[in-house]
Structure formats: C-alpha cells, structure tokens
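In what follows, chains are A, B, ... by sequence order, proteins preceding strands, each numbered from 1.
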Protein chains: 2
Amino acid sequence: MDRFLSTATNKIDSKGRVSVPAHFRAVVAKRGYQELYALKALDRPALDVGGLDLLDRYEERIAMEDPFLQSADDMSYFVHGDSDFLKLDQDGRITVSEFIRAHTGITTEVAFVGRGTFFQMWEPARLAEYGAQVRARLLKMRQAASNEISNGGTE
Amino acid sequence: MDRFLSTATNKIDSKGRVSVPAHFRAVVAKRGYQELYALKALDRPALDVGGLDLLDRYEERIAMEDPFLQSADDMSYFVHGDSDFLKLDQDGRITVSEFIRAHTGITTEVAFVGRGTFFQMWEPARLAEYGAQVRARLLKMRQAASNEISNGGTE
DNA sequence: TTGACGCCCATATAGGCCCATGGTATCCCT
DNA sequence: AGGGATACCATGGGCCTATATGGGCGTCAA
C-alpha cells in the first residue's frame, strides 16, 4: 500500500517528540520521500504533511500566476513562509515545534490522519469535533437527497 | 533542499547582530550566493533578501513599467539606491542597520520568512498581522472558486 | 580617540543519534 | 489449542553536536 490511510494517535514525550505511525513511515519510504513537507491547512487547525511533490505542485500553480500580482505573493507566502520541514529521526519521530502547536492547538498528543497522498496532524479533541461536523453534513446531504427521490431512499 | 522555506524568529543582541537561521545559511551556500542583497519590499514593511538574481527580478519588474512614467524612475531609485548588502560574519550573523530598522520597524527581534528563491525579514508582530491577512485572502479566493465549481458542475 | 565592525571564544539549549524498556500482536512449537 | 518465544512498535532517556546568543579584543577609519 502506498497511500496514507487510517488514523492513529500518539503521545508527545518530554523532549517534544512524537512517533509518526509506523504504517505512515512505510508509505513515506515507499514513496521515496527524503523529507516531509508540512503546511498549515487554510481553514482548519491541522497540518498537511507530504513529500516534496506537494511543494512542487504548489509551486507550479504559483508559476501560472502573474508574478507581480498580489495573489502570487500570497500563495508564495502560504507555501514557503507558512510551512516547514519535518525531520524524522532514526526512530521515526518528529519534534513538535511551536510552529505546529500554535496552528493546531496540539499540546500532549497528536492524531495522525491519512488522506491518501498526504496525511494530517491534529489535536485529537479538535479532530473529533471536526469529524462529528463532517458526519453531520454528510448525513444531512444524504437525507436531503433521499427526500428528493420521493421517499424512496433505501439504506 | 535549495529553497528558502519556513519561518524562524531570532533575537538581536546588544551589538545589533542577529543570527540568520542555519537552514537559510545552508540554502545560501547551496545557491552559491557570495553576498546577500537586501532591498525594501515595495509595498510592505519587510526586507527582501537574496542573491544577485533577486536584483535581476526587480529590474525585470521595473522594465514592465512605462519608462516615461514617474513610477519607473521611482522604482529604479528604490532598487538601486535604496538597497544594501548584508555581510554574514563567520558565526552566520548580520548586523541590523538603521536602513533595515527604519523600513521594517524591527527593534529587538527579527522574523526570517522563507519565500522560495529569497527570504524576508520582518518585525514579528507585523508579520503576524500580515500573515493573517494573507490567509484571509486565500480563504476567500478558494471559497469563490468552489462556488464557481458547484455552479459549473465539473471538478 | 571613539565607535563601528570583524574575528575569536564561551555557554546554554535544542536537536539528532543511539540504546533501553515495556506492551502487544504474532508466530511457532509442543 | 495453549503457552511461550519473538518481532515490532511506541515511548523514555543519556549523550554529543550544532546552533543561537553573549561578550572580549583588535583593527580601521572618521
């Protein structure tokens, strides 16, 4: 399997380190990532983490913009300034910097969430809350859809 | 990695010096910059710092302006006259001159912000404010885009 | 002579490397 | 099938190096 799947929560130790789930590390190795690129998600208190190809994709997108417009500058700030590299130590751990804590609210535990081509880091309680909201939205959407189909909704 | 990435804040000592983050120094070395060229960002209280290619980019920018207009002359002055070289001492520090302080408002701490091919120096509080504005603009841009998509139907 | 600046050294802390421990799931052998 | 051995993994911690920071001293120029 070469995609990031499932969710796991690990503890931060006294030196501020946390283990990246072994399954995720295997995916990182399989994809040949030498370094992990972390980006603050725009509308959520989470960190998106992936390989350098994530950065490459963003940079290609920026290159399409007029470099002298504000939008290009904004994107560059977001991609280059509001991001960081996460270095895995040889036990597969990363140190949780102030950069990460500030944006996510992470203090003692980290929830790692697989998202296919990348994964996310969350503060566990906030993730639970977010997950509940997502489920509620999906449920509402499905109910709306089955009503439209004139009460025929199966399940 | 050969790109300036992430943000770090360092303190200015009693002699007016501040350490350039080690990661940035590594990029400077990798890019083969012998000297750091610093110029005042056009519309922000920040300093753009990079190699000589940064100067090229600004000149390109000026070339796009109508040469008969005042603005081109202003910009030329700005780039060529109102700029400076930053010398790294052997511990990787630079002196924060009055030139820098006046434009940025920097007093006791400097936030170094990676921008890919160059980096910026900010007064930390001003950077925080600017970052919040950028994120708000990007979020708005994305929401506008997703509205278009839901009207258009494709993804 | 004074002040700015470069060079050198000192030190505390953060971060990386290495190894140890304990828990858990798995496998194997009887 | 049961019980013990084993492999893997999260976690903890010692130690050493790199880095940021502080400060002394000499040099050069105004």
Please tell me whether B:Leu36 and B:Phe99 are part of a single hydrophobic cluster in this structure, the criterion being side-chain heavy atoms less than 4.5 Å apart.
yes
Do any side-chain nitrogens or oxygens of A:Gln90 fall under 4.0 Å of OP1 or OP2 in C:dG16?
no
Does the pair A:Tyr130 and A:Arg44 meet the rule for a side chain to side chain donor-acceptor pair (under 3.5 Å), with working shown?
CA-CA 9 Å; A:Tyr130 174 72; A:Arg44 283 186 286 274; 3.3 Å; yes
Which is it for B:Asp53 and B:Tyr37 under the side chain to side chain donor-acceptor pair (under 3.5 Å) test, yes or no, and what are the steps along the way?
CA-CA 9 Å; B:Asp53 50 350; B:Tyr37 182 73; over 6 Å; no
Do B:Arg135 and A:Asp82 have side-chain heavy atoms sitting under 4.5 Å apart?
yes
Mark yes or no for a side-chain to base donor-acceptor pair under 3.5 Å between A:Arg93 and D:dG12, with no hydrogen or angle criteria applied.
yes
Just how far, in rounded Å, is P of C:dC19 from CG of A:Asp13?
18 Å
In whole Å, I'd like the distance from the CZ atom of A:Phe24 to the P atom of D:dC9.
14 Å
DNA chain C: 5'-proximal contact among A:Leu88 and B:Thr95 (nearest heavy atom)
B:Thr95
Confirm from the modelled atom types if A:Arg17 and C:dG16 form a donor-acceptor pair under 3.5 Å, side chain to base only.
no
Between C:dG16 (P) and A:Phe85 (CZ): distance, integer Å:
14 Å
Please state whether the base of D:dG22 and the side chain of B:Lys11 form at least one donor-acceptor pair under 3.5 Å?
no
Donor-acceptor pair (no angle test) under 3.5 Å: B:Asp89 side chain, C:dC5 base:
no
Residue mapping more 5' on DNA chain D - nearest nucleotide basis, A:Lys15 or A:Ser19
A:Ser19
Are A:Phe4 and A:Phe118, when compared by the centres of their aromatic rings, separated by less than 6.0 Å?
no
Atom NZ of B:Lys87 and atom C1' of C:dC5: how far apart are they, to the nearest Å?
9 Å
Between NE2 of B:His23 and P of C:dG16 the distance, given in whole Å, is 12 Å
Check: C:dC19 base within 3.5 Å donor-acceptor of A:Asp91 side chain:
yes
Atom CD1 of A:Ile12 and atom P of C:dA14: how far apart are they, to the nearest Å?
16 Å
Distance, rounded to the nearest Å, where B:Ile94 contributes CD1 and C:dC5 contributes C1'
14 Å
